[in-house]
Protein chains: 2
Amino acid sequence: MATILDVARRAGVSTATVSHVINESRVVTPETKQRVLEAIEALHYRRDGIARSLRRSRTGTIGLVVSDITNPFFSELVRGVEDAIIEKHRDSNLILCNTDEDTEKERRSVETLLEKRIDGLIFAPAGGNESQISHLITRGVPVVMVDRRLPGVEADAVLVDNVQGAYELTAHLLGLGHRRIGVMRADLRAGSIEERLHGFEAAMSAAGVPVDPALIVTSPSEVDEATRVAASLIARPSVQRPSAVFCTNNFMTLGMLRAIVQERLRCPQDIAVAGFDDLPWALGFHPQLTAIAQPAYQMGQVAVDLLFARMSEGATHPPEQRKLETRLMVRESCGATLVQPLARSTA
Amino acid sequence: MATILDVARRAGVSTATVSHVINESRVVTPETKQRVLEAIEALHYRRDGIARSLRRSRTGTIGLVVSDITNPFFSELVRGVEDAIIEKHRDSNLILCNTDEDTEKERRSVETLLEKRIDGLIFAPAGGNESQISHLITRGVPVVMVDRRLPGVEADAVLVDNVQGAYELTAHLLGLGHRRIGVMRADLRAGSIEERLHGFEAAMSAAGVPVDPALIVTSPSEVDEATRVAASLIARPSVQRPSAVFCTNNFMTLGMLRAIVQERLRCPQDIAVAGFDDLPWALGFHPQLTAIAQPAYQMGQVAVDLLFARMSEGATHPPEQRKLETRLMVRESCGATLVQPLARSTA
DNA sequence: GTTCGATGGCAACCATTCTCGATGTGGCCC
DNA sequence: GGGCCACATCGAGAATGGTTGCCATCGAAC
């Protein structure tokens, strides 16, 4: 690979001048500029980002750690981050890490990202690395948390109004006449699940409907396990069975839907399903899911805005927490649509 | 930030020794090693990956460019790549880029990845940058293509047997008695779509069924457009309507399913849908999709293997093309299951 | 005393950026 | 016309933070 020195020699100038031509950081007479550009062209020179980063102590890469890129919520979020970056900050890139909600994996990821000298970090904390993160923040690394917050860690965050969303979804269920409402609770350290539960409880109590603890089950955040747990919740005589289930995340929803098929029940006739978190790729299927949609893409964008704001202004302004609105998508899985399941109407 | 020099001073040794302790690249007496480690601890020293990369001319990051992380096929693939890397090559990371099948965006991505001095590149080419890529390969950058191949570019590749998969899926349709089979053809430069079409045609001709060109429509690879095109294909009097549709990728499938709902048809009774590419998150929905599943995750892993093989051996061995098997997932959307749509059996 | 193995230091090197400062040129004033 | 100053342009070389080849030193063994 040709270096800047090769270019300089060929153009008969110093490396400084070449550098300034490349970065447009100083006026250079048109003639020399021309010579430099020709030399660059001739040698197929491409500047070395590593040496550049070393000297400037900025790498132009930002770290993004999420729990699982395979989860539509996160892939949407990642996409939002990427698009915002290439649109507003052309010279930056994204290093991606998955943690699977594993504290140790997260710790290692952050560690290697730090070693790679990322300019900033966007991440959905799994929890358990609070000290590492706050240490990192006091060191001046710009950090913004997405989707979840770490208790006791002062940093920018972009969140979603989980309580409100869950409240709304539960109210929808109650409005349709459901009283025995079950809950599929994801077993995550992330506080968002708790908040959703609070929203659920608030809506129930506002409607004067008692919460039946027997209808609340907890499951690992993984499809197969969730399916089993879901089955245990609905494989009961119909009087004991919930008439509707509130699923606290994607995995819970999918598990429940699969369990319903397994148990040969009908949704929404035998059991209604309401999910927190939408499943974009399932729009073509029946029954279409009634769910709380999170603005994942937008969350990614906002995260980038917060991050770059902090990167430029330094640690001057206090941490900002942005809370985004959810949207209730009323579709079919709770039986709300008047036009009953479309596919059957022409039968 | 403390540098290696600070550590050296505090431990009373040279920077060389500190470096050797960190990298275990030379024997160091237990006592000095101890002193060094203590100094590292005390100063919260973390080695600078950038300086390190500069000196060693290896960055420990590999570039991954796909068209859209939001597409389950790619997120699965990305996950496979990531897992393989952290399992087998702990010190490496992934820089992710999305291209949206846009040639120019792809060119820019590759360009900045090169500037970042990636150790290797895994990518699903959109097409149009052949010269850039082959130039890059002759320069010695390890490259492996996934999902698609670039005509005229000699490089490692991990592909899927598109012809065979499409053949199998079509044969399945034919076996169920379908004769008027439509095709939703994705408008991509990627050769994979062509191959799938070939497989389709081969199966048809093998069965002695003529292909009706009127039933083959082409759509942009995007959901809303695909829905419109799909609607135009099926919104016909039933005699002119295909009895089954072969969808050449995810977007086509989803568009078709949505169009079916719009047009108030029933799947599979009125029209059968067979998709190339599975939709993992839709397992809980009805009708469950009969589709050709691609081993996306595994493709990512194989890609990593090929890449690291090339990275270590250099350009010595000839490019290797690995072709992975697809799997026909017979579910409900083609009406093949004897147990007719489960949800209705208890009605 | 010589040789050899075990340790560890010196200093070059990686490819840039960036701070000074050097050089030249033209205008202006006396 | 000579001297001085301002301005425009560019170069030399330090600095960035590590890695690594080569050499020096020190005991112990022969």
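Order of the sequence lines fixes the chain letters, A, B, ..., with proteins taken first and strands second; residue numbering starts at 1 for each chain. Small disclaimer: the values here were computed from a predicted structure and weren't measured. Below, all heavy atoms of this structure are taken into account, side chains as well, without hydrogens, waters or symmetry copies.
For the pair A:Ile4 and A:Thr15, the tightest heavy-atom approach, listed with the atom from each and the gap, is CD1-O, 3.8 Å. The two residues A:Val143 and A:Ala155 come nearest to each other via the heavy atoms O-CB, 4.1 Å. In terms of heavy-atom proximity, B:Arg117 sits nearest to A:Arg46 at NH2-O, 3.5 Å. Counting all heavy atoms, side chain and backbone alike, B:Ser92 lies closest to B:Ile85 at O-CG2, 3.6 Å. Across every non-hydrogen atom of A:Ala296 and A:Glu76, the tightest pair is CB-CB, 3.7 Å.
Scored by the side-chain contact (heavy atoms from CB on, under 4.5 Å) test, B:Lys116 finds A:Thr61, A:Asn93, B:Ile95 as partners (sequence neighbours excluded).
B:Ser19 comes within contact range of at least one nucleobase, with a heavy-atom separation under 4.0 Å. Counting non-hydrogen atoms under 4.0 angstrom, A:Arg46 reaches the backbone sugars and phosphates but no base.
In this structure, B:Ile4 atom CD1 and D:dT16 atom P are separated by 15 Å, rounded to whole Å. The distance between atom CD1 of B:Ile50 and atom C1' of C:dT17, rounded to the nearest whole Å, is 15 Å. In this structure, B:Arg52 places its CZ atom 8 Å from P of D:dT20, rounding to the nearest Å.
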Original post:
What one-letter contact string describes nucleotides 3-9 of chain C from 5' to 3', where B marks a base within less than 4.0 Å of any protein heavy atom, S marks contact via sugar-phosphate atoms alone, and - marks no contact?
Top reply: ----SBB
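Contact annotation: side chain of A:Arg55 to base of D:dA15, donor-acceptor pair present below 3.5 Å.
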